[in-house]
Amino acid sequence: MAELKVSAIREGTVIDHISAGKGLKVIEILGLGRLNGGAVLLAMNVPSKKLGRKDIVKVEGRFLSEEEVNKIALIAPSATVNIIRDYKVVEKFKVEVPDVIEGILRCANPNCITNHEYVTTKFYVINKEPLKVRCYYCERTMEEDEILANL
Ligand code: CTP
Ligand code: ZN
């Protein structure tokens, strides 16, 4: 198969091994693609040995916070984050779905206390792939679609 060349970046972050179809959601969650940001490259349906097909997101001039990495793990648990400086990969790590998710997800239950008072949300992860979580406060469970809609 012909290899697809996507330009290398000088300084920034490459999020690789994103399950095919989830790249746009990663861009959305990071608030990229706004007018004042740096260049963002999205490659979709790239052939991959491990995943069959994958998406790749490259962000020039931007590094991720821990919270952003945690959000990416919920969207794309197979993703690898590469930190690039002076064109070289200086750090590489796999994202990890935590056992407990605090603060980054809203509860889908409109009656949940976390939707009415200033309480930090908290969910127990009951299954990692496919992702399924349970709200600590109201015990509502949420699966992948609802989780993506409430990030
Ligand atoms: N990359 C980039 N710009 C650079 C260096 C690397 O966009 N200046 C990208 C590569 O295209 C690749 C990712 O960062 O998508 C990781 O680079 P590298 O570790 O060199 O690639 P692989 O060995 O294929 O990574 P892995 O083993 O994680 O699949
Ligand atoms: Zn709840």
Side-chain angles (χ1 to χ4, degrees), residues 1-27 30 32-33 37-64 68-127 129 131-151:
M1 192 172 322
E3 201 180 309
L4 175 71
K5 263 288 190 202
V6 188
S7 29
I9 64 171
R10 186 175 68 78
E11 203 59 26
T13 308
V14 174
I15 307 153
D16 198 355
H17 307 293
I18 301 169
S19 17
K22 296 284 171 60
L24 268 177
K25 187 74 193 175
V26 168
I27 287 178
L30 297 178
L32 302 170
V40 178
L41 286 155
L42 167 62
M44 294 173 75
N45 293 327
V46 178
S48 155
K49 286 190 197 95
K50 281 180 253 174
L51 297 174
R53 299 266 157 180
K54 66 174 181 180
D55 289 356
I56 309 172
V57 172
K58 302 190 182 196
V59 199
E60 182 77 56
R62 173 99 143 56
F63 301 93
L64 305 179
E68 288 172 328
V69 171
N70 288 339
K71 284 187 177 181
I72 293 169
L74 303 187
I75 303 165
S78 56
T80 311
V81 176
N82 298 272
I83 297 174
I84 314 291
R85 293 201 191 269
D86 198 15
Y87 288 102
K88 287 195 256 317
V89 178
V90 294
E91 201 185 327
K92 182 194 289 278
F93 57 88
K94 255 190 76 60
V95 302
E96 216 182 312
V97 178
D99 296 322
V100 180
I101 300 165
E102 283 180 283
I104 61 179
L105 187 62
R106 287 180 301 272
C107 183
N109 172 8
N111 297 321
C112 181
I113 186 167
T114 61
N115 287 315
H116 297 279
E117 292 180 23
Y118 286 105
V119 178
T120 305
T121 62
K122 180 171 170 178
F123 299 86
Y124 290 120
V125 173
I126 42 186
N127 197 56
E129 269 214 87
L131 190 57
K132 189 174 179 184
V133 305
R134 177 184 292 122
C135 179
Y136 167 78
Y137 292 97
C138 73
E139 303 204 316
R140 170 81 141 79
T141 57
M142 293 163 67
E143 297 186 24
E144 199 171 7
D145 283 357
E146 270 187 330
I147 292 166
L148 291 185
N150 285 288
L151 270 175

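As the structure lists them, so they are numbered: ligands from 1, and atoms in each ligand from 1. This one's a predicted model, so the numbers in the text were calculated from it and none came from an experiment.
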*asked:* Residue-level breakdown please: for R10 versus ligand 1, do any non-hydrogen atoms fall below 4.0 Å on the side chain, on the backbone, on both, or on neither?
replied: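 No part of R10 is near ligand 1 at this cut-off.
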*Criterion side chain to side chain contact (heavy atoms under 4.5 Å, CB included) on L151 and L105, from CA distance to verdict*: CA-CA 5 Å; L151 270 175; L105 187 62; 4.0 Å; yes
Provide, to 0.1 Å, the distance between [atom] and the closest protein heavy atom, together with that atom's residue and name.
atom: atom 17 (O) of ligand 1; answer: V89 CG2, 3.6 Å
atom: atom 19 (O) of ligand 1; answer: K92 NZ, 2.7 Å
atom: atom 12 (C) of ligand 1; answer: D16 OD2, 3.8 Å

*Crowding at OH, Y137 (>12 non-hydrogen neighbours, <6.0 Å)*: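 Yes, enclosed.
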*atom 24 (O) of ligand 1 touched by protein (heavy atom, under 4.0 Å)*: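 Flag for atom 24 (O) of ligand 1 set to false, no protein heavy atom closer than 4.0 Å.
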Can [X] and [Y] be counted as an ion pair, charged N to O under 4.0 angstrom?
X: E146; Y: K132; value: no
X: R62; Y: E11; value: no
X: R10; Y: D86; value: no

*Could you walk me through whether I15 and L30 pass the side chain to side chain contact (heavy atoms under 4.5 Å, CB included) test, one step at a time?*
CA-CA 11 Å; I15 307 153; L30 297 178; 3.8 Å; yes
Flag [X] as yes when one of its N or O atoms lies below 3.5 Å from any N or O atom of ligand 1, and as no otherwise.
X: I84; answer: no
X: K50; answer: no
X: K88; answer: no

*Which pair of non-hydrogen atoms, one from E96 and one from A73, has the smallest distance, and what is that distance?*
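Closest heavy-atom pair between E96 and A73: O-CB, 3.5 Å.
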*Ignoring water, what protein N, O or S atoms are under 2.8 Å from the Zn ion (ligand 2)?*
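Listed by chain and number, the atoms are C107 SG, C112 SG, C135 SG, C138 SG.
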*Give a yes or no on whether the backbone of N109 and the side-chain of N115 come within a donor-acceptor separation of less than 3.5 Å.*
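Yes, the answer is positive, given that a donor and an acceptor are paired below the 3.5 Å cut-off.
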*Nearest candidate to atom 13 (C) of ligand 1, where distance is taken over non-hydrogen atoms, out of D86, T13, T80, V14*: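 Closest candidate by heavy-atom distance is V14.
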_Once rounded to the nearest 0.5 Å, what's the spacing between atom CD1 of I113 and atom SG of C107?_
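Here the rounded value is 11.5 Å.
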*Identify which one of I27, L42, V26 satisfies the side-chain contact (heavy atoms from CB on, under 4.5 Å) criterion when paired with L32.*
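Of the listed options, the one satisfying the test is I27.
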